[in-house]
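Here is the naming used below: chain letters follow the sequence lines, and residue numbers restart at 1 for every chain. In what follows, every heavy atom counts, from backbone to side chain, and hydrogens, waters and symmetry copies are set aside.
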Amino acid sequence: MPELPEVETSRRGIDPHIRGQTIARSVVRQSQLRWPVSPQITALMPGQTVLGTQRRGKYILIETTAGHIIIHLGMSGSVRILPAGAPAAKHDHIDIVFTHELMLRYTDPRRFGCVLWSEDAIAEHPLLARLGPEPLAEDFDTSYLFRLSRGRKTPIKSFIMDSHVVVGVGNIYANEALFMAGIRPLVEAGSVSRARMARLVACIKQVIAHAITVGGTTLRDFVGGDGKPGYFQQSLLVYGRGTEPCKQCGGILQEVRLSARSTVFCKRCQR
DNA sequence: AAATCTCCCTGTAGGC
DNA sequence: TGCCTACAGGGAGATT
């Protein structure tokens with residue numbers, strides 16, 4: 001499932017191929033995604049030029065001369081650059097075809113993602129306006145997270161996965177960062193000391209920065225590639241390892257459900 | 001305001 | 001082998 005590092009890697013992968021290019025047309029084969037695909041995606045695209053791409057949280061933003069395309073990959077979505085006219089497979093829902101004979105193809109088997117259009121100031125879009133800071137930005141720091149957590153009874157794991165607190169920390173990296181920081185996922189956010197919160201902030205930044213670096217190597221070639229990220233299986237400390245031995249102390253890792261999310265931790269290394 | 005629940009969807013895994 | 005069911009998961013929106 002695409003987490004922030006995969007989203008950023010995807011953005012970096014498509015950007016050089018579409019930046020400055022002109023859209024010839026777009027094709028929507030399946031409009032029923034998380035929300036209906038905006039009609040402008042077909043109606044307004046011909047003749048628009050792509051000015052560049054950005055990322056906010058797990059949203060990819062494609063800036064065109066007429067407005068922004070907002071893409072979320074959900075949990076099974078991907079974007080690839082392919083030769084225009086490449087045959088469409090089952091879950092290839094949207095093609096944005098460029099005049100230079102390449103196209104951006106959106107694929108999403110589970111359709112949890114979205115492809116929307118916004119002509120207004122992008123930061124004020126309802127999906128983006130109230131998002132928390134980027135995990136790698138300077139404004140995501142100990143003081144911020146500590147202050148925001150005071151009085152909160154929600155588990156620390158749910159807290160850091162809340163996109164209004166900080167964006168882009170999905171289930172995998174929440175599990176990993178809490179293990180690295182030595183904090184049990186279920187402790188109340190409001191009870192975590194400032195010193196431990198400082199460790200957590202550092203660990204979140206570290207795991208996400210590392211994943212972006214690794215993701216960049218596995219998703220290097222988007223033209224003709226399969227676009228499938230696969231890096232994250234190798235260096236995981238706890239995620240997906242419930243009942244296996246802790247890599248730090250050898251004890252058996254515990255797995256519980258927290259808000260329907262798989263939560264793995266070591267009860268000796270995490271307090 | 002904060003916490004909790006529901007729902008969107010389909011590939012995969014496990015049981016029989 | 002094949003059918004059936006449970007389940008995973010991002011995250012917005014509704015509900016409590």
Side-chain angles (χ1 to χ4, degrees), chain A residues 1-11 28-38 55-61 70-79 88-94 106-116 118 124-135 145 147-178 185-192 204 207-208 211 215 226-230 232-233 236 238-243 255-264:
Chain A
M1 60 302 301
E3 298 247 9
L4 187 148
E6 290 91 319
V7 175
E8 175 60 16
T9 303
S10 295
R11 186 197 67 77
V28 176
R29 298 180 200 82
Q30 168 62 271
S31 63
Q32 297 306 301
L33 304 180
R34 175 73 158 83
W35 295 286
V37 174
S38 298
R55 179 188 56 75
R56 182 72 177 97
K58 295 182 184 173
Y59 294 93
I60 294 172
L61 310 174
I70 303 173
I71 299 177
H72 197 291
L73 301 177
M75 63 170 290
S76 61
S78 63
V79 284
K90 189 174 180 184
H91 301 296
D92 295 338
H93 303 316
I94 300 172
Y106 176 87
T107 306
D108 186 4
R110 296 188 189 179
R111 293 194 259 147
F112 272 29
C114 64
V115 177
L116 301 172
S118 172
E124 291 162 29
H125 190 277
L127 288 173
L128 308 177
R130 292 175 2 190
L131 293 177
E134 292 285 330
L145 200 62
R147 191 174 353 104
L148 201 61
S149 65
R150 294 308 91 180
R152 296 289 299 269
K153 292 188 178 303
T154 197
I156 186 66
K157 178 167 179 260
S158 305
F159 184 67
I160 61 173
M161 287 180 68
D162 182 344
S163 62
H164 301 111
V165 173
V166 55
V167 297
V169 181
N171 195 38
I172 293 175
Y173 297 120
N175 278 296
E176 296 298 308
L178 285 165
L186 287 103
V187 303
E188 283 185 13
S191 75
V192 177
I204 289 171
V207 70
I208 288 185
D226 66 4
K228 292 275 169 58
F232 51 74
Q233 289 143 7
L236 294 177
V238 288
Y239 182 80
R241 299 190 64 245
T243 74
E255 177 157 11
V256 297
R257 313 241 111 232
L258 177 55
S259 306
R261 298 290 185 271
S262 172
T263 303
V264 184

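- Heavy atoms of A/S262 sit under 4.0 angstrom from primed sugar atoms or phosphate atoms, though from no base atom.
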(request) Starting from the C-alpha separation in whole Å, work towards a yes-or-no answer on side-chain contact (heavy atoms from CB on, under 4.5 Å) for A/R34 and A/H72. (result) CA-CA 9 Å; A/R34 175 73 158 83; A/H72 197 291; over 6 Å; no
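- Comparing B/dA2, C/dA8, C/dG9 by their closest approach to the side chain of A/R257 singles out C/dA8.
- Rounded to whole Å, atom C1' of B/dA2 lies 13 Å from atom CD of A/E188.
- Looking only at atom types and distance, the side chain of A/D108 has a donor-acceptor partner in the side chain of A/Y106 under 3.5 Å away.
- Between A/R241 and A/E255, none of the side-chain N atoms (NZ, or NE/NH1/NH2) sits under 4.0 Å from a carboxylate O, so this pair counts as no salt bridge.
- With sequence neighbours excluded, the residues forming a side chain to side chain contact (heavy atoms under 4.5 Å, CB included) with A/V169 are A/I160, A/V166, A/A174, A/I204, A/I208, listed by chain and number.
- One interatomic measurement links the two molecules: NZ of A/K157 to C1' of B/dT4, which rounds to 15 Å at whole-angstrom precision.
- In this structure, OH of A/Y106 is placed 13 Å from P of B/dC9, rounded to the nearest angstrom.
- To the nearest 0.5 angstrom, A/L73 atom CG is 4.5 Å from A/I60 atom CD1.
- Taking atom OH of A/Y239 as the reference point, atom P of C/dA8 lies 9 Å away to the nearest angstrom.
- Between A/L186 and A/V256, the shortest heavy-atom contact is CD1-CG2, 3.9 Å.
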(request) Do nucleotides 11-16 of chain C as a string where each nucleotide becomes B, S or -: B if the base has a protein heavy atom under 4.0 Å, S if just the sugar-phosphate does, - if no protein is that close. (result) BB----
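- Residues passing the salt bridge (Lys or Arg N to Asp or Glu O under 4.0 Å) test with A/D92, sequence neighbours excluded: A/R80, A/R105.
- Among all heavy-atom pairs drawn from A/V37 and A/V28, the shortest one is CG1-CG2, 4.2 Å.
- A/D92 places its CG atom 15 Å from the C1' atom of B/dT10, with the value rounded to the nearest Å.
- The pair A/E3-A/K58 counts as a salt bridge, with a side-chain nitrogen and a carboxylate oxygen less than 4.0 angstrom apart.
- As rounded to whole Å, 12 Å separates atom P of B/dA1 from atom CZ of A/R152.
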(request) Let me see the working for A/R56 and A/V167 under side-chain contact (heavy atoms from CB on, under 4.5 Å), right down to the final yes or no. (result) CA-CA 8 Å; A/R56 182 72 177 97; A/V167 297; 3.8 Å; yes
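- The NZ atom of A/K153 sits 11 Å away from the P atom of B/dT4 (whole-angstrom rounding).
- Residues satisfying the salt bridge (Lys or Arg N to Asp or Glu O under 4.0 Å) test with A/R29, not counting sequence neighbours, are A/D95.
- At a non-hydrogen distance threshold of 4.0 Å, A/R110, A/F112 from residues 107-115 of chain A come into contact with DNA chain C.
- Atom CG in A/D162 sits about 14 Å away from atom P in C/dG10, given to the nearest Å.
- The overall bend of the helix from B/dA2-C/dT16 to B/dC16-C/dG2, read as the angle between its terminal helix axes built from five base pairs each, is 50° when rounded to 10 degrees.
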